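Computed from a prediction, not measured in an experiment: that's the story for all the values here. In what follows, chains are A, B, ... by sequence order, proteins preceding strands, each numbered from 1.
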Protein chains: 2
Amino acid sequence: MVVRLDQIVGANAERSRSHNRQLVLGHVRRAGQVGRAEIARASGLSTQAVSNIIADLEREGLLVEQGRLQGARGMPAIQYAVNPRGGFAFGIEIRPGAVFAVMLDLLGNTVFSHRCTLSSALPDAVTAKVLALRDLALSQTGVPADRILGAGVVVPGPFGTTSLKDEATELPGWAQIDMSAWFTRAFGLPAHVENDANAAAMAEHVSGAARELSHYAFLYFGTGLGLGLVSEGRLVRGAFGNAGEIGHVTMPTASGGVVLEQAVSRLSIARHLAGHGIDAPDSASLAQLYDQGCPALIDWLDQAALPLAHAVSLVENLFDPQAVILGGALPDTLIDHLIAAMPLDERSVANRPDRTTPRLLRGASGRMTAALGAASLIVNRTFTPQLAVAV
Amino acid sequence: MVVRLDQIVGANAERSRSHNRQLVLGHVRRAGQVGRAEIARASGLSTQAVSNIIADLEREGLLVEQGRLQGARGMPAIQYAVNPRGGFAFGIEIRPGAVFAVMLDLLGNTVFSHRCTLSSALPDAVTAKVLALRDLALSQTGVPADRILGAGVVVPGPFGTTSLKDEATELPGWAQIDMSAWFTRAFGLPAHVENDANAAAMAEHVSGAARELSHYAFLYFGTGLGLGLVSEGRLVRGAFGNAGEIGHVTMPTASGGVVLEQAVSRLSIARHLAGHGIDAPDSASLAQLYDQGCPALIDWLDQAALPLAHAVSLVENLFDPQAVILGGALPDTLIDHLIAAMPLDERSVANRPDRTTPRLLRGASGRMTAALGAASLIVNRTFTPQLAVAV
DNA sequence: CTTGTTAATTCAACTGGATTGAGTTAATCA
DNA sequence: TGATTAACTCAATCCAGTTGAATTAACAAG
């Protein structure tokens with residue numbers, strides 16, 4: 001799997017316009033609804049420029065008028081809001097045994113969601129399955145094909161050949177393929193390829209707990225433990241797209257040290273419960289066990305809280321985020337328990353008297369997190385000026 | 001100390017031109033020398049646009065013609081290179097007891113360097129001292145004042161009120177001041193305020209080991225241990241400018257865990273040597289001790305290598321950088337010893353068969369690192385398109 | 001040597017999109 | 001009711017990049 005990096009590109013009239021359109025859209029989304037003048041002030045553009053752009057966006061159905069804002073002096077500002085049905089994003093998560101697909105509208109609402117098994121993870125089989133899912137999504141929602149802005153694809157990392165490569169988690173047959181180009185071609189749409197934790201982090205930005213945040217970290221409970229980092233509203237992907245492999249980090253414990261993923265992950269829960277003769281194959285059964293007060297599970301949670309707190313402390317000290325978000329394939333109740341049980345480091349750059357958000361937040365995206373994140377990559381891009389990061 | 005964050009701004013003719021100028025300058029710097037056509041291809045601009053921009057830059061003295069490149073078919077391309085004396089950057093490092101000042105030319109060469117003591121770190125005293133240093137730099141080098149592109153300022157972090165705040169390392173009297181605005185005003189020039197590790201990281205990018213890198217991490221031996229992170233050529237500063245506080249992270253050891261800074265820092269060396277009755281107040285004396293094969297020092301180095309290797313592993317797994325660079329206030333020989341003594345984690349995303357640079361590099365900027373970095377912030381900005389990150 | 005080919009560069013006309021400044025509209029305030 | 005305030009529109013202007021044709025300077029082949 002080849003990863004392509006973005007490159008800065010020169011500005012001309014056309015690209016400037018595209019940049020400004022996305023900037024305006026982004027302002028409207030963040031504000032919920034705003035008038036032209038306020039956007040102009042915030043963006044450094046003239047009101048006339050904003051006016052022209054808004055006219056375009058309204059004609060194309062991306063923005064809708066919301067009436068006038070009253071109560072202040074002067075001519076009341078005509079408010080605009082993002083039209084959720086102005087565009088849609090398709091997202092898929094590919095795993096060795098299954099494919100998840102979602103479609104989101106421009107505000108990040110899920111309008112389609114589906115999972116199916118995957119008998120072969122080879123490129124042709126995956127592509128056929130994924131195109132079928134796209135067609136299903138289109139026909140089931142009635143969304144016209146030209147309203148799809150792009151496709152996000154989540155695949156298990158790490159990308160490229162690394163010593164962490166583990167045949168069990170990698171997809172076979174994809175090693176030499178530039179997945180981004182491959183899916184762009186298959187869909188006839190711009191495609192974004194990302195790992196699960198990064199995508200999940202963007203899901204929180206688009207429609208979850210990080211809507212208001214531009215610097216945050218997302219701890220992702222997948223099979224292992226991943227980390228998605230967002231700085232200045234952009235993913236920190238690393239040189240080869242593999243940033244955030246926090247699961248492989250060794251954590252200090254009283255007995256010397258432990259690899260984080262072995263202490264905190266779905267696999268670690270399963271192992272612990274199996275040791276008590278309990279089988280909990282999915283999130284639902286875990287949630288049920290927790291509701292029943294299963295001692296083995298509570299035991300695991302309290303045991304996992306310490307290494308997890310160390311991970312949080314690590315992330316806080318290294319990134320200085322506005323907040324650390326916990327989410328992924330774990331029931332909300334368990335995440336809340338972990339958050340409550342975690343002893344937060346007092347001596348941390350994150351421990352500020354003037355902070356407005358809690359240091360820890362629970363993710364909002366639930367069990368389709370990664371596929372949701374895949375689509376969120378596209379939604380987010382629609383609102384992000386591209387001049388500095390054209391592909 | 002208030003930290004201001006950048007904001008994305010709309011594109012218009014003027015800002016597009018500025019963006020494109022910086023893009024062109026950046027291409028020329030990276031290439032050493034290039035012709036118009038190649039820049040046009042790389043930047044996505046038309047040759048005509050590049051031609052116009054180059055004409056401007058040449059007239060202003062930022063670029064110089066270098067003759068034609070022969071040997072190929074077609075009209076030989078006129079080569080251009082950055083004129084080192086086309087612009088200069090002023091950099092200062094403020095510490096509680098001393099001020100360092102440097103001036104760099106556009107290629108990152110040091111043209112002035114000075115240190116002096118500081119009796120008071122209060123705003124007015126610092127400002128007076130720093131302006132005097134600027135005047136000294138101008139008169140000693142004969143550089144005209146209007147060739148100074150900006151001033152970089154390094155101050156001890158962390159910024160703002162955090163639980164890490166330690167009166168000994170903070171500057172008194174600055175708490176409520178927006179330093180960036182303060183120094184912009186004092187110098188009558190754009191000023192950038194940064195912590196030591198981040199600035200040092202940029203120094204490596206401008207004139208050190210990271211010239212060719214766009215994703216890297218810099219481990220900075222200051223009084224404590226800092227970390228500067230660069231992703232896509234830009235500093236990852238964190239929400240409040242305090243990213244990179246790696247010194248406060250707890251490392252696993254056989255005996256439980258240790259705060260990294262206590263095992264690896266100038267203070268830790270001093271403590272260890274003092275325990276053996278040795279006093280080594282500065283870098284020079286450390287270098288001398290090492291040349292003499294001082295057993296206590298070798299002992300410390302070998303003892304520090306393990307926690308440091310853990311730090312490197314941490315950074316590699318969390319950022320996936322092209323390389324990790326070690327530098328700061330430690331003699332080169334000691335850094336080389338540490339690099340050689342560090343057992344690198346085999347299981348890491350950084351352990352790739354296809355890597356072209358070593359996982360660990362020694363920084364090139366020597367003892368004035370932080371002040372150099374301060375100036376490098378300005379040099380770097382001159383070559384970085386600002387449309388996406390206008391202040 | 002000439003002639004053809006290739007590729008960089010320049011010239012001049014064109015164009016897209018942002019700005020500017022004057023004018024219009026719709027609200028609040030006194 | 002009139003003054004004030006602020007958002008918005010119109011039309012002219014301007015900046016900077018693009019386009020396509022023309023020019024220039026090398027190499028290559030006969």
Side-chain angles (χ1 to χ4, degrees), chain A residues 8-25 27-28 31 33-60 63 65-80 385-387 390, chain B residues 8-25 27-28 31 33-60 63 65-80 385-387 390:
Chain A
I8 299 183
V9 82
N12 58 21
E14 184 189 340
R15 293 198 278 252
S16 289
R17 171 66 107 165
S18 154
H19 175 95
N20 290 346
R21 276 173 60 110
Q22 287 165 302
L23 190 66
V24 167
L25 269 175
H27 275 293
V28 176
Q33 53 173 53
V34 254
R36 296 157 158 80
E38 197 179 327
I39 297 174
R41 279 188 297 267
S43 63
L45 291 169
S46 62
T47 31
Q48 189 56 57
V50 173
S51 231
N52 295 338
I53 288 166
I54 284 188
D56 271 14
L57 292 172
E58 198 181 2
R59 181 158 19 79
E60 294 167 29
L63 289 184
E65 203 180 310
Q66 296 282 89
R68 289 176 182 271
L69 183 68
Q70 309 229 345
R73 207 87 186 264
M75 185 176 179
I78 304 170
Q79 301 294 104
Y80 288 87
Q386 297 290 316
L387 245 181
Chain B
I8 299 182
V9 82
N12 58 21
E14 186 187 342
R15 294 198 278 252
S16 290
R17 171 66 103 155
S18 154
H19 175 96
N20 290 345
R21 276 172 60 109
Q22 287 165 303
L23 190 66
V24 168
L25 268 175
H27 275 293
V28 175
Q33 53 173 53
V34 254
R36 296 157 158 78
E38 196 179 326
I39 297 173
R41 279 189 297 267
S43 64
L45 291 169
S46 63
T47 39
Q48 189 57 60
V50 172
S51 231
N52 295 337
I53 290 166
I54 284 188
D56 272 13
L57 293 172
E58 199 181 2
R59 182 156 22 79
E60 295 167 28
L63 290 183
E65 203 180 310
Q66 296 283 88
R68 303 187 105 103
L69 185 67
Q70 307 228 346
R73 207 92 185 259
M75 185 176 179
I78 304 170
Q79 301 294 105
Y80 287 87
Q386 297 290 316
L387 244 181

Spacing of [X] atom [atom1] and [Y] atom [atom2] [to the nearest 0.5 Å]:
| X | Y | atom1 | atom2 | value |
| --- | --- | --- | --- | --- |
| Ile39(A) | Leu45(A) | CD1 | CG | 10.0 Å |
| Gln79(B) | Glu38(B) | CD | CD | 7.5 Å |
| Asn20(B) | Leu387(A) | CG | CG | 8.5 Å |
| Ser46(A) | Arg41(A) | OG | CZ | 13.0 Å |

What's the [atom1]-[atom2] distance between [X] and [N], to the nearest Å?
| X | N | atom1 | atom2 | value |
| --- | --- | --- | --- | --- |
| Gln48(A) | dC14(D) | CD | C1' | 15 Å |
| Arg36(B) | dG17(D) | CZ | P | 15 Å |
| Glu38(B) | dA7(C) | CD | P | 14 Å |
| His19(B) | dA18(C) | NE2 | C1' | 17 Å |
| Asn52(A) | dA18(C) | CG | C1' | 8 Å |
| Leu45(B) | dA16(D) | CG | P | 13 Å |
| Arg68(A) | dA6(D) | CZ | P | 16 Å |
| Asn20(A) | dT19(C) | CG | P | 8 Å |

Q.
I'd like to know if the side chain of Arg15(A) and the backbone of Gly10(A) have a donor-acceptor N/O pair within less than 3.5 Å.
A. yes

Measure from the side chain of [X], starting at C-beta and using heavy atoms only, and say which of [options] lies closest.
| X | options | value |
| --- | --- | --- |
| Asn12(B) | dG17(D), dA27(C), dA18(C) | dA18(C) |
| Ala49(B) | dA26(C), dT18(D), dA18(C) | dT18(D) |
| Arg73(B) | dC8(D), dG4(C), dG17(D) | dG4(C) |
| Arg41(B) | dT4(D), dA7(D), dA8(C) | dA8(C) |
| Ala77(B) | dT9(C), dA16(D), dA27(C) | dT9(C) |
| Arg15(B) | dT19(C), dA26(C), dT9(C) | dT19(C) |

Q. Heavy atoms under 4.0 Å, any strand shown: does Ser46(A) hit a base, just sugar-phosphate, or nothing?
A.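 Since a base atom lies under 4.0 Å of Ser46(A), the category is base.
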
Q: Answer with base, sugar-phosphate or nothing: what part of the nucleic acid does Arg21(B) contact at a heavy-atom distance below 4.0 Å?
A: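 Arg21(B): no heavy atom of the nucleic acid under 4.0 Å.
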
Q. Taking only side-chain nitrogens and oxygens of Arg17(A), does any of them come within less than 4.0 Å of OP1 or OP2 of dA18(C)?
A.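 Affirmative; the distance criterion is met.
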
Q) Under 4.0 Å between a side-chain N or O of Thr47(B) and OP1 or OP2 of dA8(C)? A)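 Result: no.
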
Q) Between Ala13(B) and Met75(A), which is nearer to the 5' end of DNA chain D once each is assigned its nearest nucleotide? A) Met75(A)

Q.
If you assign Ser16(A) and Gly74(B) each to the DNA chain C nucleotide with the nearest heavy atom, which residue ends up on the more 5' nucleotide?
A.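 Nearest nucleotide further toward 5': that of Gly74(B).
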
